[in-house]
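Step one of this worksheet: look at the structure below.
Letters go in sequence order (proteins before strands), and every chain restarts at 1. The shown structure was predicted, so the numbers you read here are calculated from the model rather than taken from an experiment.
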Protein chains: 2
Amino acid sequence: MTAPDRPSFRVLKAEFLRRIRARVWEPGALIPGEHELAAEFGCARATINRALTELADEGVIERRRRAGTRVKLSPVRQARFEIPIVRAEVEATGAAYRYALVSRALGRAPDWLRALRDLPDDARMLHLVCMHYADARPFQHEERWINIAAVPQVEAADFGAVGPNEWLVQAVPFTDAEIGFSAAAADPRLAEFLSVAPGEPVMLAERTTWLEGQLVTHVRLHFGRGYRLTTRY
Amino acid sequence: MTAPDRPSFRVLKAEFLRRIRARVWEPGALIPGEHELAAEFGCARATINRALTELADEGVIERRRRAGTRVKLSPVRQARFEIPIVRAEVEATGAAYRYALVSRALGRAPDWLRALRDLPDDARMLHLVCMHYADARPFQHEERWINIAAVPQVEAADFGAVGPNEWLVQAVPFTDAEIGFSAAAADPRLAEFLSVAPGEPVMLAERTTWLEGQLVTHVRLHFGRGYRLTTRY
DNA sequence: CAGTGGTCTAGACCACCGG
DNA sequence: CGGTGGTCTAGACCACTGT
């Protein structure tokens, strides 16, 4: 007989998951408290807590003070997608990345954007349109507004060589963001940029980012044919 | 003067993020070790560790034993999307959920699926087509294959009342999964199901799930007009 | 108001890995 | 080899909330 080691939190997580899968702990049921589990496994409560906290974070169980821990009835599965900068995304496919600036203009925020993000009437924005290519193939069309009040130094950047995405990442890193993906039809202008047929379906990502509550940028990204957002979970 | 409280790990996370944003800790640079930070903030090393571990988990910093902790050069931002079951997704919008089975048939796996997921030639599958509605509006068209070898009891289910998604979640919970989103054009048959124009862009999700390495199910989900996958991060 | 989970501590041991 | 982060412990205090 080998004396069983004290279990690590990974072992505990796996065991708890096994019990849930095996219906030892049924959906909706209360599972034993942390003290009880610590006694059962002969480990510290903190170790049990770490395992359960991570399972809760993953959406498998639900924990509430006083009420205890329950197996979720309908587990909310979560998928994590990495949102890299375009250059990295293109280069990861083995293709050469090329960037081109289409237009650059200063002006007021368009009405829809002011309404969407609650901007002042006179908010000055830098409006950029650019293209990203994988080898010679159009990869992504980018239309972006940057809030000059939030990033004053952007006026000095010309974006001829470096794309606004990369520029912003190094100038204003680690912002809060909201992103949405949908399917859109390529209008004739966009179709030409992306070398697709007019009306062809393309993936559209819209992202807004803030720093300390102030809008930094809003961008509409249309992807070329065949783009697929994928992950395991 | 009030004596400053010992900082919580949340406070520490915020402070570390502030230092990174403010370039006190520059991209690529080594940050102080845990012992040093614990001394600076007058708290336990475990508290520092929790804050840094979470930041590493979020892709902001990179940690390696012996080498220390560095601010990531190109932060890989991650977005988390919740993947609920259809019923919950529809009901969350305030609409009434309705489900309808279109067809149910036993047979072999189609060639493309056998090739895609490396199934044996004679793998027997249950093929299902069904629709999900939000009030009277088509919400999602579902075409699914279920591996009978993995879920033998599926042969007894008729799916007239309960959709295969919900049935599987309660029969085979917590599987591994791969999911991909793309934009597709509605073919005439699909367009009719979804009440969209033929050729209109719709979001397509393809998901494959396994249990202990064995394929459980593969499903193609086409969403109705206006579907949007969205999150903050 | 009592019992649950959430957090922190001070210390310890150890795996890893760069020099 | 030695210093870093990774993990665990035994205990403590506390916030929250169901009864």
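Annotation: cation-pi geometry not satisfied between B/Arg87 and B/Tyr97 (NZ/CZ under 6.0 angstrom from ring centroid, within 45° of ring axis).
Whole-Å rounding puts the A/Arg50 CZ to D/dG6 P distance at 9 Å. For B/Glu34 and C/dG11, the CD to P distance is 16 Å, given to the nearest whole Å. Across the protein-nucleic acid pair, A/Ile31 atom CD1 and C/dG3 atom P stand 19 Å apart, rounded to whole Å. In this entry the distance linking CZ of B/Arg70 with P of C/dG18 reads 11 Å, nearest Å. In this entry the distance linking CD1 of B/Ile48 with P of C/dT9 reads 9 Å, nearest Å. In this structure, B/Arg66 atom CZ and C/dC14 atom P are separated by 19 Å, rounded to whole Å. In this structure, CD of A/Glu62 is placed 13 Å from P of C/dG5, rounded to the nearest angstrom. Regarding A/Asn49, its CG atom lies at a distance of 14 Å from the C1' atom of D/dT7, rounded to whole Å.
For B/Ser8, whose side chain is taken as the heavy atoms from C-beta onward, the closest listed nucleotide among C/dC8, D/dT7, C/dG19 is C/dC8. The side chain of B/Ala46 lies closest to C/dA10 when the candidates are D/dA10, C/dA10, C/dC16. Minimum atom distance to the side chain of B/Arg64 is reached by C/dG18, of the listed C/dT9, C/dG18, D/dG5.
Within the structure, a side-chain polar atom (N or O) of A/Thr69 is placed less than 4.0 Å from OP1 or OP2 of C/dG5. Residue B/Thr53 has no polar side-chain atom (N or O) positioned under 4.0 Å from OP1 or OP2 of D/dG5. Residue B/Arg10 places at least one side-chain N or O closer than 4.0 Å to OP1 or OP2 of C/dT7.
A/Asp135 contributes a side-chain N or O that, together with a main-chain N or O of A/Ala96, makes up a donor-acceptor pair within less than 3.5 Å. Panel note: side chain B/Thr208, backbone B/His218; no donor-acceptor pair is recorded below 3.5 Å.
With hydrogens and angles ignored, a donor-acceptor pair closer than 3.5 Å exists between the side chain of B/Arg45 and the base of D/dT7.
Both A/Leu52 and B/Gly42 lie near DNA chain C, and the one whose nearest nucleotide falls closer to the 5' end is A/Leu52.
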Applying ring pair (Phe, Tyr, Trp, His ring centres under 6.0 Å), run through B/His132 and B/Tyr99 and close with a yes or a no.
CA-CA 5 Å; B/His132 305 271; B/Tyr99 159 78; 5.7 Å; yes
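Ring pair A/His141/A/His222 is tilted by interplanar angle, where 30° to 60° counts as tilted.
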